[in-house]
Asks: 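A single structure is presented below for examination.
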Amino acid sequence: MNDLNLKELHNPDIPVPEEMQSNVAITSLSSLYNWSRAHSVWPMLFGLACCAIEMIATAASRYDLARFGMEVMRASPRQADLMIVSGTVTKKMVVPIVRLYNQMPEPKYVLAMGACASGGGPFKEGYNVVSGIDKYLPVDVYVPGCPPTPQALLYGIISLHKKIEKQNLAVSASVPWYGAGPNEAVPVPVLGPDIIDPRHAELFRREAMKNRPTPLVAEAVAEATGQSAEAGGHKE
Ligand code: SF4
């Protein structure tokens with residue numbers, strides 16, 4: 001496969017011999033590869049909140065995910081290539097979600113189902129909820145709604161199929177995982193008094209230093225509270 005020039009396979013100027021034209025249904029390796037991937041996506045089996053009920057309904061007989069080759073929901077991230085984030089992402093839950101994402105093999109996709117997963121929903125800016133999973137993971141498809149109906153989720157899944165089918169093995173920007181070594185893990189957020197994304201740690205440190213009270217202010221605070229400035233924890 002490596003010896004093939006994939007760009008040539010996609011060249012529409014290369015004529016298909018006449019005797020083959022009536023038989024050739026698939027015109028390139030990329031199309032074959034993407035067609036098979038798109039129609040055998042295995043979602044990871046987990047749900048977060050009310051949206052998960054609609055996801056379960058989508059997998060049941062009435063809406064029948066099996067039509068899309070997706071009936072095999074996997075209980076292990078090692079065997080899944082689609083993460084459907086179905087529900088409210090709390091600050092406590094985002095840590096295992098990112099860990100699970102890192103354990104999925106490439107190529108992998110993320111579908112944010114519903115208002116909560118897409119942007120925090122009714123709980124946006126709540127003390128315990130993150131404002132969308134896309135702050136931490138790359139999201140491929142957003143499905144709006146609170147909750148989205150099974151039909152809306154199916155539309156999102158079909159949109160994902162289209163996205164997969166458009167990926168071109170000859171263009172590395174569209175398939176950064178193809179032929180690459182082990183992929184880089186997404187930094188796992190740190191749960192403390194507030195959730196911290198390690199990618200922004202330096203920014204937080206700078207802001208914290210900026211807002212640190214000057215010795216003069218520290219003394220005034222200590223005087224007002226009746227503690228020594230040193231005991232108040234403002235010592236350099
Ligand atoms: S978007 Fe609505 S239905 Fe879905 S998890 Fe949030 S509150 Fe529940």
Side-chain angles (χ1 to χ4, degrees), residues 38 40-104 107-164 185-200:
S40 58
V41 173
W42 288 0
M44 189 155 58
L45 180 63
F46 87 109
L48 294 173
C50 1
C51 277
I53 303 299
E54 299 300 322
M55 181 183 71
I56 294 164
T58 313
S61 54
R62 187 176 177 91
Y63 297 99
D64 192 15
L65 265 186
R67 290 178 289 160
F68 304 97
M70 298 178 71
E71 69 275 30
V72 192
M73 285 212 179
R74 307 308 301 185
S76 163
R78 309 278 185 203
Q79 299 170 347
D81 50 6
L82 172 63
M83 175 182 265
I84 300 178
V85 184
S86 54
T88 320
V89 184
T90 60
K91 288 176 179 168
K92 197 167 185 182
M93 202 59 202
V94 72
V95 178
I97 289 175
V98 172
R99 274 206 199 106
L100 287 169
Y101 176 82
N102 284 338
Q103 289 169 14
M104 290 165 65
K108 54 188 170 185
Y109 304 92
V110 177
L111 185 150
M113 180 182 182
C116 284
S118 302
F123 312 109
K124 190 174 170 68
E125 311 297 345
Y127 73 97
N128 65 337
V129 170
V130 304
S131 301
I133 191 64
D134 58 359
K135 304 275 184 304
Y136 300 92
L137 297 180
V139 172
D140 295 282
V141 177
Y142 296 86
V143 178
C146 179
T149 57
Q151 292 93 330
L153 179 58
L154 289 178
Y155 186 79
I157 287 167
I158 291 168
S159 305
L160 179 66
H161 288 177
K162 287 184 182 155
K163 184 171 183 174
I164 294 174
V186 173
V188 178
V190 181
L191 180 68
D194 210 337
I195 193 87
I196 293 174
D197 185 338
R199 288 171 293 194
H200 305 140

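Whatever order the structure lists them in is the order used to number ligands and atoms, beginning at 1.
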Asks: Taking the side chain as everything from C-beta on, heavy atoms only, tell me whether Phe123 gets closer than 4.5 Å to Asn128.
Replies: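 Result no, sub-4.5 Å side-chain heavy-atom pair not found.
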Asks: Identify which protein N/O/S atoms are less than 2.8 Å from atom 2 (Fe) of ligand 1.
Replies: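 The answer, once waters are left aside, is Cys146 SG.
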Asks: So do the side chains of Met44 and Leu100 get within less than 4.5 Å of each other, counting heavy atoms only?
Replies: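 They are in contact (side-chain heavy atoms under 4.5 Å apart), so the answer is yes.
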Asks: Restricting to non-hydrogen atoms, name the atom on Pro148 and the atom on Met113 that form the minimum distance, rounded to 0.1 Å.
Replies: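 That would be CG-CG, 3.8 Å.
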Asks: I want to check something: taking the side chain as every heavy atom from C-beta on, are Tyr101 and Pro138 in contact at a cut-off of under 4.5 Å?
Replies: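 Yes, close enough: below the 4.5 Å cut-off.
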Asks: With a 4.5 Å limit on heavy-atom distance, are the side chains of Val139 and Val110 in contact?
Replies: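 Val139 reaches Val110 side chain to side chain.
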Asks: Do the side chain of Asn102 and the main chain of Val186 share a donor and acceptor less than 3.5 angstrom apart?
Replies: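 Side chain of Asn102 to backbone of Val186, a donor-acceptor pair under 3.5 Å: yes, one is there.
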